[in-house]
Amino acid sequence: MENIKGIIFDLDGVLVHTDELHYQAWKSIADKEGIFFDRTVNNRLRGVSRMESLDIILEKCDKTRSNAEKLHLATQKNDLYRTSLASLSADSVAQGVRSALLTLRERGYRLAIGSSSKNAEGILANTQLRDLFENVTDGNNISHSKPHPEVFLKAAAALGLSPAQCVVVEDARAGVDAAIDGGFVCFAMGDAADYPRADHKLNDFTDILEWLR
Ligand code: B16
Ligand code: MG
């Protein structure tokens with residue numbers, strides 16, 4: 001790890017448990033439309049863009065939807081999701097995360113966000129995390145969502161670092177694929193913790209402090 005100078009964090013499911021809010025919003029849409037949707041299907045949506053998430057949900061449905069109908073469903077989901085984001089505050093940040101991020105900064109690491117979400121800036125503002133990161137690369141800045149490495153390559157470039165100088169922290173298999181295919185070291189937690197492509201497993205977010213001294 002001597003070469004590591006930067007850390008790029010996924011947002012939903014790593015720093016904040018907005019993954020649960022995504023699940024609740026999609027569940028509400030699927031139930032209203034009579035489409036089967038459970039947490040196993042939901043795990044396939046981690047790190048994947050909003051429209052690609054909808055396509056995965058619609059795999060369980062025989063009815064073909066027009067692009068306009070799909071856009072309407074995705075907008076309904078995002079409206080529900082954004083309503084739930086309004087209740088986020090500094091207290092919504094996962095246990096130990098803020099102090100671990102401060103410690104990593106004190107140790108000299110450069111921090112960035114690499115998220116597929118178009119709501120990332122709002123989440124970082126509501127949770128008062130924004131100032132801890134030099135760069136936020138998110139769903140508004142990319143053409144290809146995870147598992148494509150674009151989001152992490154852009155975040156590393158914004159920090160002025162090469163992929164080999166950065167660790168990516170992810171909770172999604174699609175995100176681990178993006179990191180490894182982009183040439184990054186990848187720490188995995190949550191749903192992706194046992195994914196063999198990751199370099200190291202974090203049982204708890206604060207384990208990162210043991211790896212990056
Ligand atoms: P939005 P991450 C991803 O964020 C979520 O994991 C994924 O479930 C979501 O579909 C995607 O953002 C798009 O989010 O609808 O807010 O633009 O995990 O890459 O931080
Ligand atoms: Mg995630």
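For ligands, and for the atoms within them, numbers begin at 1 and follow the listed sequence.
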Carboxylate-amine/guanidinium contact [X] [Y], below 4.0 Å:
| X | Y | answer |
| --- | --- | --- |
| Asp31 | Lys27 | yes |
| Asp194 | Lys201 | yes |
| Asp181 | Arg197 | yes |

* Asked: For Ser84 and Gln24, does a side-chain donor sit closer than 3.5 Å to a side-chain acceptor?
  -> no

* Asked: Are Asn119 and Asn78 linked by a side-chain donor-acceptor pair shorter than 3.5 Å?
  -> yes

* To do: Verify side-chain contact (heavy atoms from CB on, under 4.5 Å) between Ile123 and Thr18, making sure each step is shown before the conclusion.
  => CA-CA 9 Å; Ile123 295 167; Thr18 39; 4.0 Å; yes

* Apply side-chain contact (heavy atoms from CB on, under 4.5 Å) to Tyr81 and Tyr23, showing your working. => CA-CA 9 Å; Tyr81 177 61; Tyr23 169 74; over 6 Å; no

* To do: For the residue pair Asn135 and Ile113, establish whether any side-chain heavy-atom pair is separated by less than 4.5 Å.
  => no

* In the single-linkage hydrophobic clustering (I, L, V, M, F, W, Y; side-chain heavy atoms under 4.5 Å), do Met51 and Val151 co-cluster? -> no

* **Total protein N, O or S atoms, the Mg ion (ligand 2), separation less than 2.8 Å** => 3

Please tabulate, one line per pair, the protein nitrogen or oxygen atoms found under 3.5 angstrom from a nitrogen or oxygen of ligand 1, with distances to 0.1 Å, or say none if there are no such pairs.
{"unit_1": "ligand 1", "atom_1": "4 (O)", "unit_2": "Asp12", "atom_2": "OD2", "d": "2.7"}
{"unit_1": "ligand 1", "atom_1": "6 (O)", "unit_2": "Gly47", "atom_2": "N", "d": "2.8"}
{"unit_1": "ligand 1", "atom_1": "8 (O)", "unit_2": "Leu45", "atom_2": "O", "d": "3.1"}
{"unit_1": "ligand 1", "atom_1": "10 (O)", "unit_2": "Val48", "atom_2": "O", "d": "2.6"}
{"unit_1": "ligand 1", "atom_1": "10 (O)", "unit_2": "Ser53", "atom_2": "OG", "d": "3.4"}
{"unit_1": "ligand 1", "atom_1": "12 (O)", "unit_2": "Ser117", "atom_2": "N", "d": "3.4"}
{"unit_1": "ligand 1", "atom_1": "15 (O)", "unit_2": "Arg50", "atom_2": "NE", "d": "2.7"}
{"unit_1": "ligand 1", "atom_1": "15 (O)", "unit_2": "Arg50", "atom_2": "NH2", "d": "3.4"}
{"unit_1": "ligand 1", "atom_1": "16 (O)", "unit_2": "Ser117", "atom_2": "OG", "d": "2.7"}
{"unit_1": "ligand 1", "atom_1": "16 (O)", "unit_2": "Asn119", "atom_2": "ND2", "d": "2.7"}
{"unit_1": "ligand 1", "atom_1": "17 (O)", "unit_2": "Arg50", "atom_2": "NH2", "d": "3.0"}
{"unit_1": "ligand 1", "atom_1": "17 (O)", "unit_2": "Lys118", "atom_2": "N", "d": "2.7"}
{"unit_1": "ligand 1", "atom_1": "18 (O)", "unit_2": "Asp10", "atom_2": "OD1", "d": "2.8"}
{"unit_1": "ligand 1", "atom_1": "18 (O)", "unit_2": "Asp10", "atom_2": "OD2", "d": "3.3"}
{"unit_1": "ligand 1", "atom_1": "18 (O)", "unit_2": "Asp12", "atom_2": "O", "d": "3.3"}
{"unit_1": "ligand 1", "atom_1": "19 (O)", "unit_2": "Asp10", "atom_2": "OD1", "d": "2.9"}
{"unit_1": "ligand 1", "atom_1": "19 (O)", "unit_2": "Ser116", "atom_2": "N", "d": "2.8"}
{"unit_1": "ligand 1", "atom_1": "19 (O)", "unit_2": "Lys146", "atom_2": "NZ", "d": "2.8"}
{"unit_1": "ligand 1", "atom_1": "20 (O)", "unit_2": "Asp10", "atom_2": "OD1", "d": "2.9"}
{"unit_1": "ligand 1", "atom_1": "20 (O)", "unit_2": "Leu11", "atom_2": "N", "d": "3.3"}
{"unit_1": "ligand 1", "atom_1": "20 (O)", "unit_2": "Asp12", "atom_2": "N", "d": "3.0"}
{"unit_1": "ligand 1", "atom_1": "20 (O)", "unit_2": "Ser115", "atom_2": "OG", "d": "2.7"}

